[in-house]
Amino acid sequence: MATLGDIAVSGALNLLGAFIFLLAFAILRIQPFNDRVYFPKWYLKGLRSSASHSGAFVRRIVNLDFRSYTRFLNWMPEALKMPEPELIDHAGLDSAVYLRIYLMGLKIFVPIAFLAWAILVPVNYTNDTLETAQQVSNVTASDIDKLSISNVPLKSQRFWAHIVMAYAFTFWTCYVLLKEYEKVASMRLQFLSSEGRRPDQFTVLVRNVPPDPDESVSELVEHFFLVNHPHHYLIHQVVCNANKLASLVKKKKSKQNWLDYYQLKYDRNQSQRPLKKTGFLGLWGEKVDAIDHHISEIKKLSEEIEEERKKVLKDPKSIMPAAFVSFKTRWGAAVCAQTQQSRNPTLWLTEWAPEPRDVYWENLAIPYMSLSVRRLIIGVAFFFLTFFFMIPIASVQALASIEGIEKKAPFLKPIIEIKFIKSVIQGFLPGIALKLFLIFLPTILMIMSKFEGFLSISSLERRSATRYYIFLIINVFLGSILAGAAFEQLNSFINQSANEIPKTIGVAVPLKATFFITYIMVDGWAGIAGEVLMLKPLILYHLKNFFLVKTEKDREEAMDPGSLGFNTGEPRIQLYFLLGLVYATVTPVLLPFIIIFFAFAYVVFRHQIINVYNQEYESGAAFWPDVHGRVITALVISQLALLGLMSTKEAAQSAPFLIALPVLTIWFHRFCNGRHKSAFVKYPLQEAMMKDTLERARDPNFNLKAYLQDAYIHPVFKGGDGDEDDDLSKKLETESVLVPTKRQSRKNTPAPSKISGASSPSLFEVVKNGDP
């Protein structure tokens, strides 16, 4: 068990690591040749020019202004200067609201820490329960345990202090959550009403279009919306399965990059033509001329791409039963997106279209009816992934301890017993081991989310974040605090009643406080400092810049900083909320470490959002209900853990008071969602009408059809050459002109179709009545 000395050693190591990272960042960021790595957002916006294109050669590479090296922390106040409205204009609402999660952590935990240290720490410390137990029963206890609830004797009246503080912490957390929910909902509505014109404001995604033997998907969609939305329908673009074509284009781009690399290599040394092996990864096989080989491969791929383009153009099977339908007004799009289109609720399913850069095009080719099966498969796979991941985590955690190392490698015992080495192992190694095991998990979860068939990058990230959070609760929190191997844990849970589970967790929570303190320092201090250093993007940029970059466009692609990474960052933040709320009443000594994390991470990510990250999409903070729900989940878990712990302390009179807390918290969550969640899933018709009216008054002659007609064409068809692309555009884009339907049943009668189930008037009646 780690002592205060071990924690001090771990803290010193992590602070040293964080200082080294920050110092390296301070030096690297002011070098002209790294300018595009640490300030790419300004380059992509066209507001910054390269510092390495002017001046003497040395000054283009190295910063010779030695005074700038003395101000190595000036980036921190600079990151805090930009006000929130300007930050929203600069980086988007998603990024600004993401930062509010860190601020919310500070708002919650700073007052809680003040109360806990002022009241609970003295209540816990002024007992001698653990000292007596050490003398009588030879119980092992650290100095940190004496500051926790473990030091309060059984049946003590002092537990009332913990109960009162649990209520105070719950009410304060709920108050902050309510205010933040109200604020973010207001920010979202204001953002939607003030943002400029975007294609997704006018566009709805229609799925599960019913098949019809007389009409193509394009004709069927046009007919349906001309009949059912005659005054507002404008244009539509059917969805095509271009996944194979996109794969070929991507493969060709990769080959082109290698050709550029070998061509630059040959230009630098023309005495010998570059060679490569044709086998797997170039490790074996026949040696050939690398330049000629890649020219030949690119030529073959170009031919395959042309064939696939023609196939997409001519084969009806490449057209999916889905379409992006655009309307003349936002009001018309809102009505369509938020209403049922057919008497059959499984047909003509409509939802708001993601903005074009948010669309995950590969999943549009997945048949709608297979989505339920896919999600069932992934649900089962996630269950087994979560459970079986306990085994390596438990094994590594066991080895990353004094007892585990001595058991597996007894010859190391003399070295391990050295005081400093022992402190490093107990205070540093477990946190590092756990963090290393979680490196590849986000990638696995994102692959699982893609298999489920979500249609936008934002929804993929939100689903992946949800699963990551569940995984962290089960494996990192529960898996770390409960003793024994994974199967033993499962057996104990199966063989005990449900009301015994909180007791098991409650007893184990105080014992693992030191482990989570070390984890917070490794992940939340040194890890965040490593985030700002951006070592991986730095290396990749210079490799690409040296081997591949020929044009300014190539340089922009090489410095692409990526996005914020909601699917990995937000669940990690939520783990700190969980740890803080659980340990606030149990071991308050953990709270200052969490406050340092929230404050440091807020400054670092504010800097990154302003200067580095270029968000892939803008969802208008649609993720906030998930953030709110996860903090509520952490609050309920903390209440149940305290309830279980109190039951082991024989404080039976406290049970009725603590049972009320989760009930009140869940009621509060339902209240908040009922009051504010609709702002994140629906678009008010009043707002839509106001925005349409103002826009018509300001720009009455704007050609909306021309603005929307290319917005939702698959990216592989944009910017292409040749007649095939023009023909494809004509096939996928359809104007809202009245074309009589080919179906005989719809020419002269309003009778419903046997296949679509719609009972709309015929086009003949629409024309006769003079509807546009």
Side-chain angles (χ1 to χ4, degrees), residues 36 40 44 239-315 317-318 356-357 359-365 447 450 537 539-562 616 710 713-732:
R36 288 179 177 268
L44 294 174
V239 173
C240 61
N241 184 356
N243 288 351
K244 183 178 179 181
L245 178 59
S247 176
L248 291 172
V249 171
K250 184 178 179 181
K251 188 176 180 181
K252 179 182 175 182
K253 184 178 180 180
S254 175
K255 295 289 185 182
Q256 186 64 52
N257 285 338
W258 279 109
L259 177 60
D260 293 341
Y261 163 72
Y262 285 117
Q263 190 67 55
L264 286 171
K265 184 178 180 180
Y266 178 65
D267 291 341
R268 293 189 180 110
N269 180 17
Q270 298 188 2
S271 61
Q272 183 178 1
R273 298 275 291 184
L275 302 175
K276 76 175 297 290
K277 295 180 179 180
T278 57
F280 179 70
L281 295 178
L283 299 177
W284 59 73
E286 180 186 358
K287 280 190 176 182
V288 296
D289 185 289
I291 295 177
D292 293 340
H293 173 76
H294 281 94
I295 290 175
S296 174
E297 290 292 312
I298 291 171
K299 183 178 179 182
K300 291 178 183 177
L301 285 171
S302 298
E303 294 173 355
E304 292 182 36
I305 288 172
E306 289 304 315
E307 292 179 5
E308 186 63 23
R309 285 181 189 272
K310 294 176 182 178
K311 181 180 177 182
V312 171
L313 178 65
K314 296 178 181 179
D315 188 1
K317 294 182 179 179
S318 65
R357 58 181 179 161
V359 177
Y360 187 70
W361 295 95
E362 291 182 21
N363 282 358
L364 285 172
I447 292 172
K450 289 177 179 178
I539 295 172
L540 289 178
Y541 169 75
H542 285 298
L543 288 175
K544 291 179 180 179
N545 192 41
F546 183 78
F547 291 114
L548 299 176
V549 169
K550 293 191 300 182
T551 65
E552 193 64 27
K553 184 179 179 182
D554 294 337
R555 187 168 285 106
E556 284 188 7
E557 292 180 356
M559 72 176 182
D560 180 19
E616 289 184 83
D710 292 333
I713 292 179
H714 198 291
V716 295
F717 301 119
K718 290 184 177 181
D721 299 326
D723 296 335
E724 290 86 354
D725 289 337
D726 296 334
D727 294 339
L728 185 64
S729 297
K730 291 177 183 178
K731 181 178 181 181
L732 298 181

Asker: Between atom NZ of K252 and atom OG of S247, what is the distance when rounded to the nearest 0.5 Å?
Answerer: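 Reported value, rounded in 0.5 Å steps: 14.0 Å.
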Asker: Parallel, tilted or perpendicular: which describes the rings of W258 and H294, with under 30° parallel and over 60° perpendicular?
Answerer: parallel
Asker: I need the N363 CG to K450 NZ distance, nearest 0.5 Å.
Answerer: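 N363 atom CG to K450 atom NZ measures 8.5 Å (nearest 0.5 Å).
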Asker: Taking atom OG of S296 and atom NZ of K255, what is their separation to the nearest 0.5 Å?
Answerer: 10.0 Å
Asker: Could you tell me if the side chain of P274 sits less than 4.5 Å from the side chain of Y261, heavy atoms only?
Answerer: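 No - every pair of side-chain heavy atoms lies 4.5 Å or more apart.
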Asker: Given the ring of Y541, does R36 sit roughly above its face, with NZ or CZ under 6.0 Å from the centre of the six-membered ring and within 45° of the axis?
Answerer: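 That pair does not qualify as a cation-pi contact.
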Asker: Can you measure from OH (Y266) to CG (D289) and round to the nearest 0.5 angstrom?
Answerer: 9.0 Å
Asker: Taking the basic N atoms (NZ, or NE/NH1/NH2) and the acidic carboxylate oxygens, is any pair closer than 4.0 Å for D315 and K310?
Answerer: no
Asker: Measure the CD-CD distance between Q256 and E297 for me, rounded to the nearest 0.5 Å.
Answerer: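 Going from the CD atom of Q256 to the CD atom of E297 covers 12.5 Å.
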Asker: If I compare all heavy atoms of I291 with all of L259, which pair ends up nearest, and what's the gap?
Answerer: O-CD1, 3.7 Å
Asker: When you compare the side chain of L543 with that of I539, does any pair of heavy atoms fall below 4.5 Å?
Answerer: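 Yes - at least one pair of side-chain heavy atoms lies under 4.5 Å apart.
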Asker: Do S318 and K311 pair up side chain to side chain, a donor and an acceptor below 3.5 Å, judged on atom types alone?
Answerer: no
Asker: Give a yes or no on this: more than 12 heavy atoms of other residues, nucleotides or ligands lie within 6.0 Å of atom CD of Q270.
Answerer: yes
Asker: Distance check, rounded to the nearest 0.5 Å: N257 atom CG versus D260 atom CG?
Answerer: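 Going from the CG atom of N257 to the CG atom of D260 covers 6.0 Å.
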Asker: Got R273 and Y262 here, is their nearest side-chain heavy-atom distance under 4.5 Å?
Answerer: no
Asker: So, does N243 use its side chain to make a donor-acceptor pair with the main chain of A365 at under 3.5 Å?
Answerer: no
Asker: For the residue pair V312 and N241, what are the closest heavy atoms and their distance?
Answerer: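 Looks like CG2-O, 4.1 Å.
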Asker: Locate the shortest heavy-atom distance separating W361 from P356; write the atom from each residue and the value.
Answerer: NE1-O, 4.2 Å
Asker: Run the side-chain contact (heavy atoms from CB on, under 4.5 Å) check on H293 and K276 step by step: do they pass?
Answerer: CA-CA 9 Å; H293 173 76; K276 76 175 297 290; 3.8 Å; yes
